[in-house]
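Below is one structure, written out as structure tokens; the observations come after it.
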Amino acid sequence: MAGQADVRRHTVAAPVRGRSTRQRAAVAAALDDVDEFRSAQELHDMLKHKGDSVGLTTVYRTLQSLADAGEVDVLRTSDGESVYRRCSTEEHHHHLVCRVCGKAVEVEGPAVEKWAEGIAREHGYVNVAHTIEIFGTCADCAGHPGHGDG
């Protein structure tokens, strides 16, 4: 995972909305099994290796419906790929993401919240939302040769 271009904030909720199928349930369960942000292709590969017969199109559609329902966080990487992850909190938060392994840590940013509110107020904006994602190299990956200088 490298860099970011656009980030949409969504939070955890209940099961996949829409028509409930075995395939959709398998995609939702796969998201529950990972802590890192994963692409649709990576989730599809995981399901294939587990023996679940789920088409790639179904994976994409399910992820989109989970995102639309606010049940997952979505990051858009610098190469334009969307990656998905269930979050452990429904509270507003940000992510610290390892650009090597994809590990993500949920973090709060009270100073950022105050800054965003102040900027919005200064320019007369209301109903403002924001997302901030911090990308770096986690301690585990930094310990491997060639990964410390992301």
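Source: prediction; values computed, not measured.
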Sequence-distant partners of [X], side chain to side chain donor-acceptor pair (under 3.5 Å), two or more places apart:
{"X": "Glu108", "answer": "none"}
{"X": "Asn127", "answer": "none"}
{"X": "Glu113", "answer": "His92, His94, His130"}
{"X": "Asp52", "answer": "none"}

Please round to the nearest 0.5 Å and tell me the distance separating atom [atom1] of [X] and atom [atom2] of [Y].
{"X": "Leu66", "Y": "Asp68", "atom1": "CG", "atom2": "CG", "value": "9.0 Å"}
{"X": "Lys48", "Y": "Ser53", "atom1": "NZ", "atom2": "OG", "value": "10.5 Å"}
{"X": "Glu81", "Y": "Leu75", "atom1": "CD", "atom2": "CG", "value": "11.0 Å"}
{"X": "Tyr125", "Y": "Ile119", "atom1": "OH", "atom2": "CD1", "value": "11.5 Å"}

For Val54, is there any backbone N or O sitting under 3.5 Å from a side-chain donor or acceptor partner on Thr58?
no
query: Can you tell me if Glu117 uses its side chain to pair, donor with acceptor, with the backbone of Lys114 under 3.5 Å?
result: no
Restricting to non-hydrogen atoms, name the atom on [X] and the atom on [Y] that form the minimum distance, rounded to 0.1 Å.
{"X": "Val105", "Y": "Lys103", "answer": "CG2-CE, 4.2 Å"}
{"X": "Cys138", "Y": "Cys98", "answer": "N-SG, 3.3 Å"}
{"X": "Leu31", "Y": "Tyr84", "answer": "CD2-O, 4.1 Å"}
{"X": "Leu47", "Y": "Ala26", "answer": "CD2-O, 3.5 Å"}
{"X": "Ala40", "Y": "Val59", "answer": "O-CG1, 3.5 Å"}

| request: Would you kindly confirm whether Val83 and Tyr60 end up in one hydrophobic cluster when ILVMFWY residues are joined by side chain heavy atoms under 4.5 Å apart? | output: no
Using the rule that two of Ile, Leu, Val, Met, Phe, Trp, Tyr join whenever any of their side-chain heavy atoms come within less than 4.5 Å, decide whether Trp115 and Val128 are in one cluster.
-> no
Test side-chain contact (heavy atoms from CB on, under 4.5 Å) applied to Arg86 and Asp32, step by step: CA-CA 7 Å; Arg86 283 206 195 264; Asp32 291 337; 2.5 Å; yes
Residues passing the salt bridge (Lys or Arg N to Asp or Glu O under 4.0 Å) test with Asp33, sequence neighbours excluded, are Lys50
Residue set satisfying salt bridge (Lys or Arg N to Asp or Glu O under 4.0 Å) with Glu36, at least two apart, ordered chain then number -> Arg38
Sub-4.5 Å side-chain heavy-atom contact between Arg85 and Val34 = no
(Q) Is a donor from one side chain sitting under 3.5 angstrom from an acceptor on the other, for Arg24 and Ser65? (A) yes
Close aromatic pair by centroid cut-off 6.0 Å: His95 and Phe37: yes
